[in-house]
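Chain letters run A, B, ... following the sequence lines, proteins first, then strands; residues in each count from 1.
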Amino acid sequence: MNSHLLSGLNPEQRAAVELPAQSALILAGAGSGKTRVLTTRIAYLINTGQVSPHGVLAVTFTNKAAKEMVTRLSAMLPINTRGMWIGTFHGLCNRMLRAHHREANLPQTFQILDSGDQLSAIKRLMKSMNVDDEKYPPREMANFISSNKEQGLRAHEVEAYDPYTRRKVEVFAEYDAQCQREGVVDFSELLLRCYELLSRNAALREHYQDRFKHILVDEFQDTSPLQYRWLKLLAGRSNALFAVGDDDQSIYAFRGANVGNMQDLLRDFHVESVIKLEQNYRSHGNILDAANALISNNRNRLGKNLWTSESGGEQLRVYEAARDVDEAGFIVDEIKQLHREGVNLKEIALLYRSNAQSRVLEHALVSAGLSYRVYGGLRFFERQEIKHALAYLRLMENTDDDNALLRIINFPTRGIGARSIEQLQEAAKMNSTTLWDAAARAGGKVSAFVALIESLRSATKDLPLPEIIDHVLEHSGLAEHFKNETGAKKREAEERLENLNELINSATMFVHENEDDSLTAFLTHASLEAGEHQAGDQDDALHLMTVHASKGLEFHTVFITGLEEGLFPHQNSQNVDGGLDEERRLMYVAITRARRRLYLTFAQSRMLHGKVSYGMVSSFLRELPDELLHWLSPRFVARKSFDSYLPPSADASFGAAPAPARADAGIWRIGQRVFHQKFGEGVVTGVEGGGADARVQVNFKHAGSKWLALEYAKLTAA
DNA sequence: CGCACGTGGTTTTTT
DNA sequence: ACCACGTGCG
């Protein structure tokens, strides 16, 4: 009965699916059928009676991936996937913590702080602790706390040898105490708390170890140390951990991912079988050859080479533009041509390293009347009006949630000013209570607010979820507030009202799709699934997104734009250990998104932070074999190498584009290798100013990064 | 309380 | 260039 499951799998995929019940690492290259192997493995285990659906735990990073797995599994097996433990790390930890909230020392209705909530909680705390927010930027503090938790560390476990770090540790400790008082947890707390729950409570740990005979992990290269420890704990001595990942696509080290987990897994789980999935079903040969050539420049790889049974296909098309706007113009022309040839717009992606680059592209697309969609902006549950509505609901659920209270105590305005709020905070601090308790004892407008929340709560006690929300919107004054808006803000307010209505719709959907249709469950859903970027695959529109956001997707045609030294690879990666390698993996991800056609474009100059800046072609382009590239810009037709690169002004014959306004920083360009009498070797990382003020920034091998005034500094090309 | 203006920062991001 | 945030005034 498994023949239909296994048919169509190549030998390696099949070997992975049919592995005996032991831990394994599947090195799955881009486009090698990774998700298919993962889901087929689960179906196979269940079908062969090796495990019941009840005994499987499958974990992913995104809700999208989890959903996809469930959908595919349902198509393969006639089982109810609803109760199965398939989800994100955060989703599964949340589930365990809810089930054992007492043991985890949490209220049953604990709420989840998203990154924005976390930041405001930290700001508030720092104010009350009198911490200087110039010396300790709240954002940095949030990072400090989260990254320590991702390492599995509590405040008292952090090594602090200097007063600066010690102060941060104090805030860390106080922050956790504040969250505990308020009955809220942030994202990393969800994981750490769950880890601690399992590690301290032997009975619980053994219960889950007995249950989950097979643990499957997607995108294993993206796991953090804490996530890995959590997996190890659940796997225990005898369960099988089936990890699928690709070290070459590890692009999230900056947020705590640890590729080293792959090596550790081999050692810790005595993995005998590493299976490599190297056959690619996505791209033509030249695209894969380019990807392979590029990534071979990285050291410390587990080693993998993608191949395809398809033909080589086209060469990669390279285009150099004078300015960013010309780059955009070229892209528009090519897209129009492709569209005429019958390629759907939604089969074309424009990728860039950083979000700011979308602006110029968007401008050109609008002028040309091409429809597009930018992926990755603000998400539904992160919109201001939605967060306000949710804050009412959260406060009704859990009055200890100071964050929620502060957000809405004066929104819409009800005459409770900064002064009254300060008094509340002082009173709460004095009596070590929450703001709600302090508010309950206050009079006047504050007590009216307390009464409002209480009346919302009692009036909605027995209502179904969508009606609760409807009632709150109508009686909190939120809907009213936006309805009354006039003048310049009218349109904006109308949109916000629409979004609030959409919130009711999403609650209706939620009730239909979930067994647990409580308010708490919905609020959790809102925190953990910030809302898919509006779907809408129906209309034919171009895809614009960062390279990061493109991971996992594929397109007929891909444009990788802004291939300039300093942009991609990004100059900030220069100072980070292993930074360049991660940038190269990012480029590898970008290249492997393309099925048939790949454009690589760059510009000699572009607007950056409000100034024109000049860059050199990306070193990544130089790492691609010449024979795979087809130069579309005239300049380089006769030239095979970049070594004789000249500033734009030196070549008057270039195209018809107007010459860019020239910086007097002369011939120095970002990415250029230089030599200085005193500081030695370095690379130009910035160019600015003109005339006597012209300066270049150079990152010296030994002397570090410096700004040099060109009038005085003696720089030579190296 | 709310708006106007000034200032600083500006890679990537899911949960 | 652009946006988010904070301060000071009406």
Exercise for the section: Quick one: label A:Asn410 by what it contacts on the DNA or RNA (base, sugar-phosphate, nothing), any heavy atom closer than 4.0 Å. Expected result: sugar-phosphate
Practice task
Measure the distance between the ring centre of A:Phe254 and the centre of the six-membered base ring of B:dT11, then answer whether it is under 5.5 Å with planes under 30°.
Solution key: no
Handout entry: Distance below 4.0 Å between A:Arg414 side-chain N/O and B:dC1 OP1 or OP2
Key = no
Exercise for the section: Give the rounded distance in Å between these two atoms: CG of A:Leu567 and C1' of B:dT10. Expected result: 12 Å
Exercise for the section: Pick the C1' atom in B:dT14 and in C:dC3, then give their distance to the nearest Å. Expected result: 23 Å
Practice task
Looking only at side-chain atoms of A:Tyr252, point me to the closest of B:dT13, B:dT10, B:dT15.
Solution key: B:dT13
Problem - Is_stacked (A:His570, B:dT11) at 5.5 Å, 30 deg - result: yes
Problem - Per A:Ser354 side chain, nearest of listed nucleotides B:dT12, C:dA1, B:dG2 - result: B:dT12
Fill in the blank from the handout: Ranking B:dT11, B:dT15, B:dT13 by distance to the side chain of A:Asn572, first place goes to B:dT11
Practice task
Have a look at A:Asp186 and say if it touches a base, only the backbone sugar-phosphate, or nothing, with a 4.0 Å heavy-atom cut-off.
Solution key: nothing
Problem - Rounded distance in Å - CG (A:Leu586) to P (B:dT12) - result: 11 Å
Problem - Parallel, tilted or perpendicular, as decided by the 30° and 60° cut-offs, for the rings of A:Phe555 and A:His543 - result: tilted
Practice task
Measure from CG on A:Asp222 to C1' on B:dT15 and round the result to the nearest Å.
Solution key: 13 Å
Handout entry: A:Asn355 CG - C:dC3 P separation (whole Å)
Key = 13 Å
Exercise for the section: Kindly state whether the ring of A:Phe482 and the ring of A:His388 have centres lying under 6.0 angstrom apart. Expected result: no
Completion exercise
In whole angstroms, the gap separating P of B:dT11 from CD1 of A:Ile560 amounts to 21 Å
Exercise for the section: Give the rounded distance in Å between these two atoms: CZ of A:Arg584 and P of B:dT12. Expected result: 21 Å
Exercise for the section: For A:Ser573, report the nucleic acid contact type (base, sugar-phosphate, nothing); a contact means any heavy atom under 4.0 Å. Expected result: nothing
Practice task
Mind checking A:Leu92 for me? I need base, sugar-phosphate or nothing, with any heavy atom below 4.0 Å counting as a touch.
Solution key: nothing
Exercise for the section: Could you check how far NE2 of A:His525 sits from P of B:dT15, rounded to whole Å? Expected result: 12 Å
Handout entry: Candidate nucleotides B:dT12, C:dA1, B:dT15, ranked by approach to the side chain of A:Thr546 - the nearest
Key = B:dT12
Handout entry: Interatomic distance at C1', C:dC5 relative to B:dT12, whole Å
Key = 23 Å
Exercise for the section: Can you label the angle between the A:Phe522 ring and the A:Phe510 ring as parallel, tilted or perpendicular, going by 30° and 60°? Expected result: perpendicular
Practice task
May I ask you to decide if A:Gln108's main-chain N or O and A:Arg98's side chain share a donor-acceptor pair within less than 3.5 Å?
Solution key: yes
Practice task
Please step through ring-ring contact (aromatic ring centres under 6.0 Å, His included) for the pair A:Phe110 and A:His101, ending with a clear verdict.
Solution key: CA-CA 9 Å; A:Phe110 70 82; A:His101 67 272; 8.2 Å; no
Practice task
Starting from P on B:dT13, measure out to CG on A:Asn63 and report it in whole angstrom.
Solution key: 17 Å
